[in-house]
Amino acid sequence: MMSIDDQLAALSRRTERIVPEADLRAKLERSTKTGTPLRIKLGMDPTAPDVTLGHAVPLRVVRQFQDWGHKAVLIIGDYTARVGDPSGRNKTRPQLSGEEIDQNARTYVEQVGKILLTDAAHLETRFNGEWFAKMNLLDVLRLTSKKSVAQMLEREDFKNRYTTGVDIRIHEFLYPLMQGWDSVMTDADVEMGGSDQLFNNLVGRDLQADAEKPGQAVIVTPLLVGTDGVKKMSKSQKNYIGVTDPASGPSGMFGKIMSLPDVLMESYYTLLTDLPMGPVKEQIQRSPRDAKIALAKHLITWLHTAEAANTAEADFVTQFVKHEAPQEMPEFGVGELGPGPHKLPALLVRAGLAASNGEGTRKIKEGAVSIDGEKVTDFQKCLTIDKATVLKLGRKYARLLP
RNA sequence: GGGCGUGUACCCAAGUGGCCAACGGGGUCAGACUGUAAAUCUGAUGGCUUAUGCCUUCGAAGGUUCGAAUCCUUCCACGCCCA
């Protein structure tokens, strides 16, 4: 068993702030003494089906706690998702229907299982509808009376929206309170979150104190930058890598990691791996490209398998270094278009490479399209698909079948 | 409830009767260059049976006009101020 100091040191790799640090230390010490595991809470809203590498950062910290014998308490925010977390937003989130939320929630536990231990001793999964569905208006009023409007407007994102005249709906003020109430209901000792969650997490600590329970310690992790190289990785920005993304292929992890800006390498290594940073920094210095390949393989090995990592690398080399078509690509039958010959733009649409005939036509004119490796610039070209035919538009491939 | 504003394509934003499928920027896609990228340069960015043709689009519905994103009416939504 690691000493408390070693544990805190191990956490520091991925923690931006621990509030308050002394409190966390005290909790760890008490847990060791009494043999009672700490309850490490992490909330996730099922607002989209994918768990991203951005979520993986706090999840890895939760995993560290699990490895030390503590218990993860995963809150699936089926009720909070109906409100929509306003954190970092500059407008109201769209509200999801109950069905969408339930469907998304179902896949979460499975995805999270790639990172966390999932046996009953190490993981407790709760839906916050468990307690919110039972509340009546009086309960809600009691909850809302805990915080003032001024306290809410202290939050950077609310303040910005208020001062720039972007509307804030009243239900959005409830979000931090609801998240905090989750902590009260689950007796969290520690709450994890991204650094944009600090406000919400601290509300939990306050509400616990108000309920005369020990206040949770709060650990926030740095935010992982998304594939655009600028903004926080998030589902709504579509700049994310999902933990269940395929290893290779156009939307695969390998390609997404390779197309990250070089400058992100250090933070990705720090936040997503446990490799010693000394050698990693040297490698990044020496060859950012090789560092990226190594990272891609490391992450794919973690989330898929070592074989998948090797295959993904091989595919990538084939496609982008040697500029040959990959082995695996999406396949589409042409039958439903009726008998040939077919116009090329229509085939591009059928293969999902273009959104409309017009777009297909433009891309052909731009020289972006090739058939079986032959570049085509004649947008009126017609062809009959009597054997498997490989279409390429930009870096995307598709195979057409008769 | 009253007053003043605002509503344009994925986002921001010009346009205030015909030259508007609608300037510009961002984003996105593609081409060149590369290390896969980033940066840079270039092109594209409503749909259709590719047509100097048709259809749909400037919050919604009506109306005026030969002709409307632009004018009028009503409605809806949002912001600010007053109550």
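Letters A, B, ... mirror the listed sequences (proteins, then strands); counts begin at 1. Model, not experiment: these values are computed from the prediction.
Residue A:Ile257 is the one, among A:Lys365 and A:Ile257, whose nearest nucleotide of RNA chain B lies closer to the 5' end (criterion: closest heavy atom). Residue order along RNA chain B, read from the 5' end via each residue's closest nucleotide, puts A:Asp290 first among A:Asp290 and A:Arg362.
Atom CD1 in A:Ile168 sits about 10 Å away from atom P in B:rG79, given to the nearest Å. One can place NZ of A:Lys231 at 11 Å from C1' of B:rU28, the figure rounded to the nearest angstrom. Going from atom CE of A:Met253 over to atom P of B:rA37 covers 20 Å, rounded to whole Å. Nucleotide B:rC11 holds its P atom 18 Å from the CG atom of A:Asp228, rounded to whole Å. Rounded to whole Å, the distance from CZ on A:Arg161 to P on B:rC80 is 12 Å. As rounded to whole Å, 16 Å separates atom C1' of B:rG43 from atom CD1 of A:Ile364.
Across all strands shown, A:Leu260 has heavy atoms under 4.0 Å from sugar-phosphate atoms exclusively, and none from any base. Using a 4.0 Å heavy-atom distance criterion, A:Ser356 is classed as a sugar-phosphate-only contact. Contact annotation for A:Ser287: no contact, since no heavy-atom pair falls under 4.0 Å across all strands.
A cation-pi geometry, defined here as NZ or CZ lying under 6.0 Å from the six-membered ring centre and within 45° of its normal, does not hold between A:Lys281 and A:Tyr269. Under the 6.0 Å distance and 45° angle rule, A:Arg155 counts as a cation-pi partner of A:Phe199. For the pair A:Arg161 and A:Phe158, the cation-pi test (distance below 6.0 Å, angle within 45°) is failed.
Going from the P atom of B:rC78 to that of B:rU28 covers 31 Å, rounded to whole Å. With P as the reference atom, B:rA30 and B:rA37 are 10 Å apart, rounded to whole Å. Separating the P atom of B:rG67 from that of B:rG18 is a span of 15 Å, rounded to the nearest Å. On the P atoms, B:rC11 is 32 Å away from B:rG3, given to the nearest whole Å. B:rA51 and B:rU65 have their P atoms separated by 38 Å, with the value rounded to a whole Å. Taking atom C1' in both B:rA60 and B:rU50, one finds a spacing of 34 Å when rounded to whole Å. Taking atom P on both nucleotides, B:rC54 is separated from B:rA21 by 11 Å, rounded to a whole Å. Nucleotides B:rA9 and B:rC20 have their C1' atoms positioned 13 Å apart, rounded to a whole Å.
For the residue pair A:Gln179/A:Asn128, the side-chain donor-acceptor check at 3.5 Å is not satisfied. Side-chain atoms of A:Ser3 and A:Asp6 form a donor-acceptor pair, as typed in the model, at a separation below 3.5 Å.
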Can you give me the N/O atom pairs linking the protein to nucleotides 29-35 of chain B at distances under 3.5 Å, or say none if there are none?
| from | atom 1 | to | atom 2 | distance (Å) |
| --- | --- | --- | --- | --- |
| B:rC29 | O2' | A:Lys363 | NZ | 3.3 |
| B:rC29 | O2 | A:Lys363 | NZ | 2.9 |
| B:rA30 | O4' | A:Lys363 | NZ | 3.4 |
| B:rA30 | O2' | A:Glu366 | OE1 | 3.3 |
| B:rG35 | N1 | A:Asp262 | OD2 | 2.9 |
| B:rG35 | N2 | A:Asp262 | OD1 | 2.9 |
| B:rG35 | N2 | A:Asp262 | OD2 | 3.0 |

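The phosphate of B:rU50 has neither OP1 nor OP2 within less than 4.0 Å of any side-chain N or O from A:Asn357.
The local environment of CG in A:Leu141 is crowded, with over 12 non-hydrogen atoms from other residues, nucleotides or ligands closer than 6.0 Å.
Shown here are the salt bridge (Lys or Arg N to Asp or Glu O under 4.0 Å) partners of A:Lys297, two or more places apart in sequence or in another chain: A:Glu313. Checked against ring-ring contact (aromatic ring centres under 6.0 Å, His included), A:Phe65 has the following partners two or more places apart in sequence or in another chain: A:Trp68, A:His70.
Helical stems involving RNA chain B, defined as 3 or more consecutive Watson-Crick or G-U pairs under 3.5 Å, span B:1-7 with B:76-82, B:10-12 with B:24-26, B:27-32 with B:40-45, B:46-48 with B:53-55, B:59-63 with B:71-75.
Under the salt bridge (Lys or Arg N to Asp or Glu O under 4.0 Å) criterion, the residue pairs touching residues 173-194 of chain A are A:Lys41-A:Glu191, A:Asp187-A:Lys213, with sequence neighbours excluded.
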In a table with atom names and distances, give each donor-acceptor pair under 3.5 Å that connects a side chain of residues 367-380 of chain A to protein atoms at least two apart or in another chain.
| from | atom 1 | to | atom 2 | distance (Å) |
| --- | --- | --- | --- | --- |
| A:Asp372 | OD1 | A:Val390 | N | 2.9 |
| A:Asp378 | OD1 | A:Gln380 | N | 3.0 |

